[in-house]
There are 2 protein chains.
Amino acid sequence: MTQSTENTSYKDIKKTVLARIRSGEWQPDSLLPNESELATEFSCTRTTVNRALRELAEEGYLERRRKAGTRVLSAPQRQARFTIPMVRDEVEALGGTYRYALVSCDQKTAPDWLTARLALSPGQDVVHVRCMHYSGNTPFQYEDRWIVTDSVPQVKQANFSEIGPNEWLIQTVPFTNVELTFLASRADAALADFLDVAEGEPVFTGERITWLEGRPVTFAKMYFAAGYRMTTQF
Amino acid sequence: MTQSTENTSYKDIKKTVLARIRSGEWQPDSLLPNESELATEFSCTRTTVNRALRELAEEGYLERRRKAGTRVLSAPQRQARFTIPMVRDEVEALGGTYRYALVSCDQKTAPDWLTARLALSPGQDVVHVRCMHYSGNTPFQYEDRWIVTDSVPQVKQANFSEIGPNEWLIQTVPFTNVELTFLASRADAALADFLDVAEGEPVFTGERITWLEGRPVTFAKMYFAAGYRMTTQF
DNA sequence: ATTTCGTATATGTATAAATATTTAAAGTCT
DNA sequence: AGACTTTAAATATTTATACATATACGAAAT
């Protein structure tokens, strides 16, 4: 009954603007009318137009600069957003039963490559955890993780035989910055055994470095089982 | 001189809220004070608090529901955002000189696997383009692309000998939806030659399906040269 | 005990009106 | 011509206020 015939919500404006870009009415690189003019056109306030355009810029369709105005981006730099789930959730979402197994856990001095990679001081201690994540009895992911003892002193008391280091870390220490890398690597003999693939097979691999206020917390390599695909829609 | 001692911008509020979460003052799963109370505390309007909390929720730190309030997410589902650049830009950003070469371009009936993958009607026509992207004289990416003729009729007149199909598509047809997948695949003999790696080597691979208002536009497989790493920070 | 319904409450959005900030562009002075 | 300064135009943010909308929760009805 109270059906609104107005088209002036910021969402409607977003849709309209996007439609005009897609239809070619507003060509790439061209300047849009300014916020006030659009507010007049849509008979709403500039605030509402502002929100619509701000979000479209955030989504990578527009570029906005004070005084210069708002223009249509020629090559919409749409960003793919991947939600990085915890292994357990990912396995369960795929209908499997999650199982965790510790492979090894040692405290030692950081190897040179890790010292370099994380910009540690020479001789800093780390805890090295290797473990497996299964979906049922099928290997799902092999995890090779290093935790910087100085940044996470509690790790010396941690017991990773029942809980994975990732879940433990999330419950224990916050983080402020993350670097995430994906690549294709080769299964060496050991990894091939863990993941139950032939030696030399391609393995989808993720690397994750986590910092807390500039201090390195952990470096993890995650090797996924054969056939793994990381997908997103947008 | 005019240094503001106020801490009431929405950005300051975001920082403060985040700090309280990190310090444990606001525990995971706990409810935050409501917007009005926070507005009073920060001596600003509810609008400002709203924006701060809305963005923090967007960034994956908070969960908000009407009437239920705002609560701290226990496992912050921080999303990795990858900006997917065009090959040319990526090569140039790495300091290389971009070079493009067409390998083949044919119009044909869509193969069965593609018909299934894109939910085409049996017998629909596609243009199949294969091409290489180089950084200087080093192979950078091998691209294997299929363009649905019915969705992009202009493709029949397109000439891909000078311009890559991706750049052409971006200039020619808009898109509304994208599915992006990454995986590790094995270089077969042909691919190994193109990318100048040994047969059987792991190859970081992207697949991209693009739609325009529900109609499939294009399917592309992108095979990256050895050593490619896709990285993001957040 | 279970369902239905009403209502209060917290977030969501919009308006109107300022002030703040950035910066392109024009003007001024060597 | 080049360097600095001013101006004005656009976006960015905040305030104050109102109304909209979803929904948790409790009361009433079955």
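In what follows, chains are A, B, ... by sequence order, proteins preceding strands, each numbered from 1.
In terms of phosphate contacts, B:Arg64 brings a side-chain nitrogen or oxygen within less than 4.0 Å of OP1 or OP2 of C:dG12.
Here D:dT11 presents its C1' atom at 16 Å from CD of A:Glu55, a figure rounded to the nearest Å. Between the CD atom of B:Glu58 and the C1' atom of C:dG12 there is a distance of 14 Å, given to the nearest Å. Taking atom CG on A:Leu31 and atom P on D:dA9, their separation rounds to 15 Å, with Å as the unit. Rounding to whole angstrom units, CG of residue A:Asn50 and P of C:dA20 are separated by 18 Å. If you measure from atom CZ of A:Arg71 to atom C1' of D:dT11, you get 14 Å, rounded to the nearest angstrom. Atom P of nucleotide D:dT14 and atom NZ of B:Lys14 are separated by 11 Å, given to the nearest angstrom. The nearest whole Å value for the distance from the CD atom in A:Glu63 to the C1' atom in C:dA24 is 14 Å.
In this structure, the side-chain contact (heavy atoms from CB on, under 4.5 Å) partners of A:Leu212, at least two apart in sequence or on a different chain, are A:Pro174, A:Thr176, A:Val217. Residues meeting the side-chain contact (heavy atoms from CB on, under 4.5 Å) test with A:Arg88, sequence neighbours left out: A:Glu92, A:Tyr98, A:Glu167. By the ring pair (Phe, Tyr, Trp, His ring centres under 6.0 Å) test, B:Tyr134 is found to be paired with no residue, residues two or more places apart in sequence or in another chain being considered. For A:Arg215, the salt bridge (Lys or Arg N to Asp or Glu O under 4.0 Å) criterion is met by no residue, not counting sequence neighbours. In this structure, the side-chain contact (heavy atoms from CB on, under 4.5 Å) partners of A:Glu179, at least two apart in sequence or on a different chain, are A:Thr181, A:Ile209, A:Trp211, B:Thr231, B:Gln233. By the ring pair (Phe, Tyr, Trp, His ring centres under 6.0 Å) test, B:Tyr100 pairs with B:His133, sequence neighbours left out. Every residue meeting the side-chain contact (heavy atoms from CB on, under 4.5 Å) condition with A:Glu55, not counting sequence neighbours, appears here in chain and number order: A:Tyr10, A:Lys14, A:Arg51, A:Glu59, B:Arg54.
The stretch residues 33-41 of chain A has no heavy atom under 4.0 Å from DNA chain C, so no residue of it qualifies as close.
Classified by interplanar angle (parallel below 30°, tilted 30° to 60°, perpendicular above 60°), the ring pair A:Phe224/A:Phe140 is perpendicular.
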For residues 32-39 of chain A, please give each side-chain donor-acceptor pair under 3.5 Å, one per line with the distance, not counting sequence neighbours.
| unit_1 | atom_1 | unit_2 | atom_2 | d |
| --- | --- | --- | --- | --- |
| A:Asn34 | OD1 | A:Ser36 | N | 3.1 |
| A:Asn34 | OD1 | A:Glu37 | N | 3.0 |
| A:Asn34 | ND2 | A:Glu37 | OE2 | 3.3 |
| A:Glu35 | OE1 | A:Arg46 | NH1 | 2.3 |
| A:Glu35 | OE2 | A:Asn50 | ND2 | 2.9 |
| A:Glu35 | OE2 | A:Arg64 | NH1 | 3.3 |
| A:Glu35 | OE2 | A:Arg64 | NH2 | 2.4 |
| A:Glu37 | OE2 | A:Asn34 | N | 3.4 |

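Listed by first and then second residue, the ring-ring contact (aromatic ring centres under 6.0 Å, His included) pairs involving residues 146-167 of chain B are B:Trp113-B:Trp146, B:His128-B:Trp146, B:Phe160-B:Trp168 (not counting sequence neighbours).
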Polar atom pairs between nucleotides 23-25 of chain D and protein, under 3.5 Å, N or O only, would you list them?
| unit_1 | atom_1 | unit_2 | atom_2 | d |
| --- | --- | --- | --- | --- |
| D:dA24 | OP1 | B:Arg65 | NE | 3.3 |
| D:dA24 | OP1 | B:Arg65 | NH2 | 2.8 |

Please enumerate all protein N or O atoms sitting under 3.5 Å from an N or O of nucleotides 14-18 of chain C, with distances to 0.1 Å.
| unit_1 | atom_1 | unit_2 | atom_2 | d |
| --- | --- | --- | --- | --- |
| C:dA14 | OP1 | A:Tyr10 | N | 2.9 |
| C:dA14 | OP2 | A:Tyr10 | N | 3.3 |
| C:dT15 | OP2 | A:Thr45 | N | 3.1 |
| C:dT15 | OP2 | A:Thr45 | OG1 | 3.1 |
| C:dT15 | OP2 | A:Thr48 | OG1 | 2.7 |

| A:Ile13 and A:Cys44: side-chain contact (heavy atoms from CB on, under 4.5 Å), yes or no, with the steps? | CA-CA 10 Å; A:Ile13 296 177; A:Cys44 65; 3.7 Å; yes
